[in-house]
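Residue numbers start from 1 in every chain, and the chains themselves are labelled A, B, ... in the order their sequence lines are given, proteins ahead of strands. Atom set for the values below is all heavy atoms of this structure, side chains included, hydrogens, waters and symmetry mates excluded.
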Amino acid sequence: MDGHVTTIFWLCRDFRVADNTALVAALKNGPIAPVFLIDKMLMEQGAASRWRLQRALAAFDADLRRRCGHGVLILRGEAEDELPKLARRISASAVHVTDWPCPQMRRVQDQARKALGDVPLLLHMGHLLIHPRMVHTKTGGAYKVYTPFARAVREAGPDQPIAAPRRIEIAPDLPQGEVLDNLNLAPDMRSGAAVLERHALDPGEAAALARLDDFLSHAKGYGEDRDRLDRPATSGLSEALAVGEISPRTIWAISMRRIQAGDTAADDARKFLSEVLWREFAWHLLIEFPQMDHRPWREEWSRFPWKSHGAGLDAWTQARTGIPAVDAGQREMRVTGRMHNRVRMITASYLTKHLMIDWKQGLRHFQDSLTDWDPASNAMNWQWVAGSGPDASPFFRIFNPVTQAQKFDPDATYLKRWLAGYRGSKSPDAKDYFDTLPRDWQVPSAYAAGDDAQELADRRQAALEAYAKMRD
DNA sequence: TCCCGGTTATT
DNA sequence: ATAACCGGG
């Protein structure tokens with residue numbers, strides 16, 4: 001041993017230098033080969049989130065070049081092939097990976113580990129606030145309810161984030177990889193990248209930190225305003241968290257510091273942290289129950305008579321249900337890649353309860369359309385809305401999409417923003433939507449207030465009856 | 001992180 | 001007349 005051992009730093013998520021335990025561990029013994037893989041798993045994830053991930057990769061690559069003059073080695077291929085090949089070529093002693101603890105990634109890691117043989121694959125958990133094995137009930141099981149889970153995490157106290165490495169040394173003689181500027185990881189994106197681009201938030205680690213700082217400086221009112229469709233009260237950090245441009249530990253530490261210093265609205269900042277804990281809860285559930293994205297968490301829900309396809313689903317995905325809040329939300333998502341959180345609940349409730357269509361169909365549509373797609377949050381929240389998840393709302397909690405809009409968007413600002421022509425709206429965002437439309441899509445010609453009340457009531461009644469029957 | 005229809009309290 | 005509250009689903 002000469003004291004300088006080359007290791008592979010396999011970048012999967014967590015595109016950042018701060019609080020990156022995999023990066024620090026890889027650098028400990030010598031130079032690194034920072035590698036990102038364009039593999040089957042990546043190309044099978046949703047188009048919008050893949051588009052967003054490419055931006056995260058580009059930002060990280062630029063940051064790395066600034067710091068050490070060398071970017072990320074981008075290889076096309078499967079981990080089980082590419083990692084052993086690279087390890088042999090540069091005589092790497094180990095592979096350190098930024099873990100992404102979802103079932104798809106676990107399969108990729110297992111195959112890579114086998115193929116790597118004597119070269120160990122070392123997982124570093126930077127995607128979560130706290131390791132799942134550190135949080136369990138008194139009887140040793142996983143938490144199944146949010147509130148005690150959140151209390152347990154708060155009491156355990158998340159670890160402090162670790163500093164960015166001072167110096168990043170890159171291994172010599174790396175092979176030639178893909179050229180970042182030539183990559184188009186999301187050629188299949190339905191709305192087209194040009195529209196999304198116009199509405200995109202800045203990618204990258206520095207932008208995420210700046211957004212957190214700015215949010216905490218204006219957090220007052222977040223607790224109530226976060227539900228308002230017409231007020232920009234949220235942190236806007238969901239994309240950055242999904243790709244790991246900022247770590248939940250960093251969010252936790254900075255928020256707590258500012259709460260203690262009296263430098264932010266404490267109750268609102270704490271409410272924000274409780275939302276970060278919902279994300280955490282979703283990941284712990286997915287790790288405990290890997291079938292979370294395709295099997296009902298409560299077994300009895302496999303008996304529910306979901307419809308799995310049909311005209312209702314097309315109307316829902318194509319923003320032509322005729323229900324203003326539902327269509328507006330779908331248009332917002334199509335144009336920006338994001339959807340207001342409450343509108344996610346409203347549209348999801350309408351799909352599962354009024355249309356009685358299987359939540360897995362909605363999960364798939366969101367997975368393909370959201371730039372902040374997160375496998376754990378998406379699965380948990382769909383099951384929550386459908387009624388089959390832990391902490392689930394009982395099925396009879398059916399959102400009324402009309403009264404929800406009246407309550408959380410009293411002046412119809414949000415609806416006018418996304419529905420061209422709605423109450424005379426001429427919003428540019430609403431017009432952007434038409435740029436994304438395939439020729440064969442129809443657009444509702446008008447939204448008449450009140451016409452849908454009876455139909456909503458009838459559909460609600462039908463869903464309640466199906467629920468009662470399921471429970472017999 | 002609900003809806004709805006009811007009752008009671010407040011103007 | 002309407003807001004605020006309540007209980008059952």
Would you call the rings of A/F304 and A/W301 parallel, tilted or perpendicular, where under 30° means parallel and over 60° means perpendicular?
tilted
From B/dT1, B/dC2, B/dC4, pick the nucleotide closest to the side chain of A/M345?
B/dT1
Which part of the nucleic acid, if any, lies within reach of A/E275 when heavy atoms closer than 4.0 Å are counted: base, sugar-phosphate only, or nothing?
base
When the distance from CD of A/Q406 to P of C/dA3 is rounded to whole Å, what number comes out?
13 Å
Criterion side-chain hydrogen bond (donor to acceptor under 3.5 Å, both in side chains) against A/R50, the qualifying member of A/D188, A/D368, A/T371
A/D188
Expressed in angstrom and rounded to an integer, what is the separation of A/Q461 atom CD from B/dC4 atom C1'?
11 Å
From NZ of A/K407 across to P of C/dA4 the rounded distance in Å is 12 Å
Could you give the CZ-to-P distance, from A/R460 to B/dC2, as a whole number of Å?
13 Å
Any side-chain N or O of A/Q404 under 4.0 Å from OP1/OP2 of B/dT1?
no
I want to check something: taking the side chain as every heavy atom from C-beta on, are A/M470 and A/E300 in contact at a cut-off of under 4.5 Å?
yes
Calculate the interatomic distance between A/Y467 atom OH and C/dG9 atom C1'; express it in whole Å.
9 Å
Report the distance from atom CG of A/L277 to atom C1' of B/dT1, rounded to the nearest whole Å.
15 Å
Separation of A/I398 atom CD1 from B/dC4 atom P, in whole Å?
9 Å
Would you mind reading off the distance between A/D225 atom CG and B/dT1 atom P, rounded to a whole angstrom?
19 Å
Quick one: is A/N400 getting a side-chain N or O under 4.0 Å of the B/dC4 phosphate, OP1 or OP2?
yes
With A/R13 as the cation and A/W100 as the aromatic partner, state whether NZ or CZ is under 6.0 Å from the six-membered ring centre and within 45° of the axis.
yes
